[in-house]
Amino acid sequence: MTQAPTQPVSRRKPMPQPKPGGRVTLAHGGGGQLTDELVQNLVLPRLGNTLLNGLLDSATLPATGDARLAMTIDSYVVQPWRFPGGDIGRLAVCGTVNDLAVCGGEPMGIALSLILAEGFEMSALSRVLDSIAEAGREAGVSVVTGDTKVVGRGQSDGIYITTAGIARVPKGRTINPRRVQPGDVLIVNGPVGEHGLAVMLERELPQVTSVLRSDAAPLNGLIAQLIESVPDVLFMRDATRSGLSGVACDLARDCGWRVTLDEARIPVRPEAQHAADMLGLDPLEIANEGKVVAVVRPYEADAAVAAMRRHELGKEACVIGHVGGVSDGMCELHTVIGGRRIIQKPYGEQLPRIC
Ligand code: MG
């Protein structure tokens with residue numbers, strides 16, 4: 001008679017459990033500290049691995065030989081689905097292309113998943129699809145696979161989109177915050193805060209007329225031009241949810257050095273500042289969809305700014321800060337009036353559903 005196999009003793013640590021009765025809030029989707037907590041406490045203990053744990057905009061996977069592929073995915077739930085300067089379709093393509101490009105990837109194809117509500121107008125859907133096609137042409141990338149689902153009337157409010165993307169990563173590109181050292185310089189390709197503020201104005205104060213428009217744009221052309229002039233870009237991130245402050249705080253945490261932003265040098269258009277003042281928001285914390293922060297060695301800063309300025313989407317590129325010699329992983333703002341203060345990643349959600 002054979003003996004029944006004994007149950008193997010599990011050596012795995014018990015998984016961290018959420019607080020009893022805890023529920024997801026809108027703020028968990030804001031890309032701020034609460035999103036970080038959700039990812040660190042619930043997602044990574046269960047799904048974490050060497051690729052996912054880096055929490056970069058894309059994962060870079062080894063392919064055959066020296067080849068590497070970057071892969072990314074994002075969902076878009078912006079409300080309203082169209083806004084000055086774009087719509088959910090343009091946003092979905094730009095967001096995915098940009099997450100690939102900031103990791104050094106050259107986009108090869110996009111997967112598109114549409115979740116539509118019963119009753120959503122066909123004319124609106126056509127318009128979104130036209131925007132997807134147009135943004136794809138601008139980026140030089142096509143939708144190569146996709147899926148469509150419809151949920152019942154009232155079970156969602158119109159249209160949600162998920163886009164995934166894949167890109168080839170040329171040999172020798174290592175874009176990683178851990179390469180950043182004291183003395184390195186932060187550059188942005190233009191004025192900040194415009195996407196989130198344009199969506200918020202449209203949603204909250206539709207009676208206000210403004211020239212403010214979303215900056216949603218595919219950045220792969222600009223980034224290719226930058227890398228051509230300065231091949232050794234150390235780190236890049238598109239300043240989406242939680243804005244420029246969020247990128248600077250994440251960079252400081254991940255490189256371990258103090259990052260200093262110089263407020264007087266950060267470009268903010270008057271109409272964006274005006275909208276931010278009306279809504280009681282800080283433009284540095286607002287999402288952009290066509291802005292990249294790049295970190296380069298100090299002796300390459302001029303060449304990097306010049307390379308960006310040669311591109312249509314980088315005409316107002318400039319240096320906005322630097323990495324200092326204090327190893328505390330904090331982010332500091334030198335204010336316009338000469339003050340200094342530590343800035344933190346926004347906690348929760350000032351602006352629900354802006355992307
Ligand atoms: Mg990103």
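Atom set for the values below is all heavy atoms of this structure, side chains included, hydrogens, waters and symmetry mates excluded. Ligands are counted one by one from 1 in listed order, and the atoms in each one are counted from 1 as well. All values reported here derive from a predicted model rather than from experimental measurement.
- Residue Asp99: an N/O/S atom is found under 2.8 Å from the Mg ion (ligand 1).
- The name of the N, O or S atom in Asp238 nearest to the Mg ion (ligand 1) is OD1.
- Of the charged side-chain nitrogens involved, at least one lies within less than 4.0 Å of a carboxylate oxygen, so that Arg90 and Glu138 count as a salt-bridged pair.
- Each of Asn189, Asp238, Asn98, Asp215 was checked for a side chain to side chain donor-acceptor pair (under 3.5 Å) with Lys291, and the lone residue meeting it is Asp215.
- The atom of Asp57 that is an N, O or S and sits closest to the Mg ion (ligand 1) is OD1.
- With respect to Asp157 and Arg353, a salt bridge is recorded, a charged nitrogen being found less than 4.0 Å from a carboxylate O.
- Test Glu194, Arg269, Gln273 against Pro283 for side chain to side chain contact (heavy atoms under 4.5 Å, CB included) and you get one pass: Gln273.
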